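Everything on this sheet refers to the single structure shown next.
Atoms within each ligand, like the ligands themselves, are counted from 1 in listed order. Because the structure is a prediction, the values reported are computed rather than measured.
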Amino acid sequence: MKRNFAPLFRLWHWTMALAVLGLIGTVLLRKTFLSKSANAEIIRQKLAGFSITVDPDQAVAVAKAIRAPMWEWHYILAVVLGVAILLRIVAMLRGDAQMPIVKLVQSEGLMEKFKSLIHLLICLAILLMALTGTFYYFHDALGIAKDSARWAKELHESLFVPLLILILLHIGGVIRHELTTKECIVSKMIHGE
Ligand code: HEM
Ligand code: HEM
């Protein structure tokens, strides 16, 4: 297929992919190796071996302190994601990228429609995660009580698994395209032509 991707479009795509994959990485670390409850238990057990007793809250506080520098990257990468969203807006204004909904309406054939739908859902999920995450992060500064901002945190968290599935479908689709056509779509997404 005769298609090429403008430099700004490619810059947007890879900046966003880097940010989102990194953000997912921080969440996976938070839920596994740096889980506060699992590590608090290890801290309690190890200290008990040295005849030092700490209560569960103290152990959780230590586990959270160990996790904190890693979780900072969630916010650093959130800024990178913000830059990617701006790049996409500029790319759309310059005509280097389409609005995902316009692409869905204009695409022809069932397969193209399905692909465009996945792209649209990925963009929507990422946008919603960025908005809810930013809102929850700044709830104090906005003078909003933690309890009143909880819906944003819950929505942010509940979008995680659907986004993960959409990204796996996307990467699977790209690999399938790469293997079943001669378009070399991944190279095009790297060097344009
Ligand atoms: C978190 C990671 C990623 C996200 C969120 C993501 C998101 C997207 C989105 C939304 C589009 C549609 C752009 C548009 O036409 O408006 C797209 C296109 C594309 N992505 Fe990704 N992507 C990711 C990772 C990757 C990876 C790892 C690869 C390569 C293996 C890749 C290769 C491509 C290609 C080749 C296209 C063009 C598809 C086409 O127009 O037929 N993406 N990506
Ligand atoms: C695609 C991008 C993102 C993904 C996949 C993602 C995922 C997640 C997940 C799953 C959690 C819950 C972690 C847990 O409690 O186990 C979380 C928490 C959070 N995220 Fe994101 N996030 C993304 C983008 C953002 C952005 C752009 C911000 C903006 C600052 C942000 C701010 C937050 C905040 C404030 C929390 C709550 C942390 C806490 O409870 O201490 N996230 N994120």
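For ligand 2, the atoms closer than 4.0 angstrom to any heavy atom of Ala130 are 27 (C). In the vicinity of Met16, heavy-atom distances shorter than 4.0 Å reach the ligand 1 atoms 4 (C), 5 (C), 6 (C), 7 (C). Interface of Ile122 with ligand 1, defined as ligand atoms under 4.0 Å from a residue heavy atom, comprises 5 (C). Counting the atoms of ligand 2 from 1 in the order shown, those under 4.0 Å from a heavy atom of Leu163 are 1 (C). Each of the atoms 39 (C), 40 (O) of ligand 2 lies under 4.0 Å from some heavy atom of Lys153. Short contacts between ligand 1 and Val20, defined as distances under 4.0 Å to a heavy atom of the residue, involve ligand atoms 1 (C). The Lys31 neighbourhood of ligand 2 comprises atoms 14 (C), 16 (O), with distances under 4.0 Å to a heavy atom of that residue.
Considering only non-hydrogen atoms, atom 16 (O) of ligand 1 lies nearest to Arg88 out of Lys188, His119, Arg88. One option in Trp71, Phe160, Tyr136 has a heavy atom closer to atom 18 (C) of ligand 2 than any other, and that option is Trp71. In the candidate list Trp12, Trp14, Phe9, Trp14 is nearest to atom 26 (C) of ligand 1, counting heavy atoms.
Annotation for Thr132 and Ala152: closest pair CB-O, 3.5 Å, computed over non-hydrogen atoms. Considering all non-hydrogen atoms of both residues, Thr181 and His177 come closest at OG1-O, 2.7 Å. Nearest heavy-atom pair, His156 versus Gly133, reported as atom, atom and distance to 0.1 Å: ND1-N, 3.3 Å. Taking both residues in full, the closest heavy atoms of Cys123 and Pro100 are given as SG-CG, 3.9 Å, listed atom of the first, atom of the second, then distance. For Leu77 against Ala19, the heavy-atom pair with the smallest separation is O-CB, 3.8 Å. Leu34 and Arg67 make their closest contact through O-CD, 3.4 Å (heavy atoms, listed as atom of the first residue, atom of the second, distance).
More than 12 heavy atoms of other shown residues, nucleotides or ligands fall within 6.0 angstrom of atom CG in Leu168.
Between Phe5 atom CZ and His191 atom NE2 the span is 11.5 Å, to the nearest 0.5 Å. The OG1 atom of Thr15 sits 11.0 Å away from atom CG of Leu86, with the distance rounded to the nearest 0.5 Å. Summarising the geometry, atom NZ belonging to Lys188 is positioned 3.5 Å from atom CD belonging to Glu183; distances are rounded to the nearest 0.5 Å. The NZ atom of Lys115 sits 12.5 Å away from atom CG of Leu104, with the distance rounded to the nearest 0.5 Å. Between the CG atom of Leu8 and the CG atom of Asp96 there is a distance of 5.5 Å, given to the nearest 0.5 Å. From Arg94, atom CZ reaches atom CZ of Phe9 across 13.5 Å, with rounding to the nearest 0.5 Å.
Listed by chain and residue number, the protein N/O/S atoms under 2.8 Å of atom 21 (Fe) of ligand 2 are His74 NE2, His156 NE2, with waters left out.
Looking at Lys153 and Glu157, a side-chain N of the basic residue comes within less than 4.0 Å of a carboxylate O on the acidic one, giving a salt bridge.
Under the 4.0 angstrom criterion for non-hydrogen atoms, Glu178 is not in contact with ligand 1. Ligand 1 lies within reach of Cys123, whose nearest heavy atom is under 4.0 Å from it. Under a 4.0 angstrom heavy-atom cut-off, Phe138 registers as lying outside contact with ligand 2. Using a 4.0 Å cutoff on heavy atoms, Ile126 counts as a contact of ligand 1.
Among all protein heavy atoms, the one lying closest to atom 13 (C) of ligand 2 is Arg30 NE, 3.6 Å. Looking only at heavy atoms of the protein, atom 41 (O) of ligand 1 is closest to Lys115 NZ, 2.7 Å. For atom 35 (C) of ligand 1, the nearest non-hydrogen atom of the protein is Ile185 CG1, 3.4 Å. If you check which protein heavy atom lies closest to atom 40 (O) of ligand 1, you get Arg3 NH1, 3.1 Å. Counting only heavy atoms of the protein, atom 38 (C) of ligand 2 lies nearest to Tyr75 OH, 3.6 Å.
Checking side-chain atoms of Lys113 against main-chain N and O of Glu108 turns up no donor-acceptor pair under 3.5 Å. Side-chain atoms of His139 never come within 3.5 Å of backbone atoms of Ala149 as a donor-acceptor pair (strictly under, hydrogens ignored).
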Does the side-chain contact (heavy atoms from CB on, under 4.5 Å) test come out yes or no for Val27 and Leu23, once each step is laid out? CA-CA 6 Å; Val27 174; Leu23 281 156; 5.8 Å; no

Would Val79 and Tyr75 satisfy side-chain contact (heavy atoms from CB on, under 4.5 Å), going step by step from the backbone distance to the final call? CA-CA 6 Å; Val79 176; Tyr75 307 126; over 6 Å; no

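Checked against a 3.5 angstrom limit, the closest N/O atoms of Lys103 and ligand 1 fall inside it. Not one N or O of Tyr137 is nearer than 3.5 Å to an N or O of ligand 2, by distance alone.
Leu142 meets the side chain to side chain contact (heavy atoms under 4.5 Å, CB included) test with Phe135, Phe138, Ile144; sequence neighbours excluded. Residues satisfying the side chain to side chain donor-acceptor pair (under 3.5 Å) test with Trp151, not counting sequence neighbours, are none.
Take atom 21 (Fe) of ligand 1 and draw a sphere of radius 2.8 Å; the protein N/O/S atoms inside it number 2.
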